Amino acid sequence: MIREMEKQTGSSSPVSYEVLKKKRSAVLHQMQLMGIDTADWAAVDNFCLGVRIAGKKFRELSADDLDAVLLRIRSIRQKDMQKAKKELN
């Protein structure tokens, strides 16, 4: 099972299913906060396929990729909030 997970995620070190599941959940939650319909897998894949996000479909993301995507999404959200704050002032 772990070898299959390594092939799916492209990770060289074994990652437990639970860890991968939590990382995927965190990324999907941040996408929801950005307004992406996470019930629509095409929308999720389209977002992840963006070169500045991951360049891969969501299901192809490794644990390391998920960490990087999570940081990028949080950065985008933070910049959006700062921008909105400036517009209010």
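Along the sequence shown, the residues carry numbers beginning at 1. In what follows, every heavy atom counts, from backbone to side chain, and hydrogens, waters and symmetry copies are set aside. Note that the structure is a prediction, hence the values are computed from the model and not measured.
- Taken together through direct or relayed side-chain contacts under 4.5 Å among Ile, Leu, Val, Met, Phe, Trp and Tyr, Leu49 and Leu71 form parts of separate hydrophobic clusters.
- The two residues Leu66 and Val27 come nearest to each other via the heavy atoms O-CG2, 3.6 Å.
- Scanning both residues, Phe58 and Asp45, for their nearest heavy atoms gives N-OD1, 3.0 Å.
- Note that CG of Asp64 is 7.0 Å distant from NZ of Lys23, once rounded to the nearest 0.5 Å.
- Counting all heavy atoms, side chain and backbone alike, Val69 lies closest to Ile53 at CG2-O, 3.7 Å.
- The SG atom of Cys48 lies 11.5 Å from the NZ atom of Lys57; values are rounded to the nearest 0.5 Å.
- Taken to the nearest 0.5 Å, the CG atom of Asp80 stands 14.0 Å off from the NZ atom of Lys85.
- Annotation: side-chain contact (heavy atoms from CB on, under 4.5 Å) contacts of Ser25 (sequence neighbours excluded): none.
- In this structure, Asp65 contributes its side chain and Ser62 its backbone to a donor-acceptor pair below 3.5 Å.
- There is a path of hydrophobic side-chain contacts, each under 4.5 Å, that joins Phe47 to Trp41.
- For the pair Arg52 and Arg72, the minimum side-chain heavy-atom distance is 4.5 Å or more.
- Between Ala54 and Leu61, the shortest heavy-atom contact is CB-CD2, 3.6 Å.
- Tracing side-chain contacts under 4.5 Å through hydrophobic residues (I, L, V, M, F, W, Y), one reaches Leu28 starting from Met34; they form part of the same cluster.
- Between Leu70 atom CG and Met31 atom CE the span is 9.5 Å, to the nearest 0.5 Å.
- Once rounded to the nearest 0.5 Å, the distance linking CZ of Arg24 with CZ of Arg59 reads 10.5 Å.
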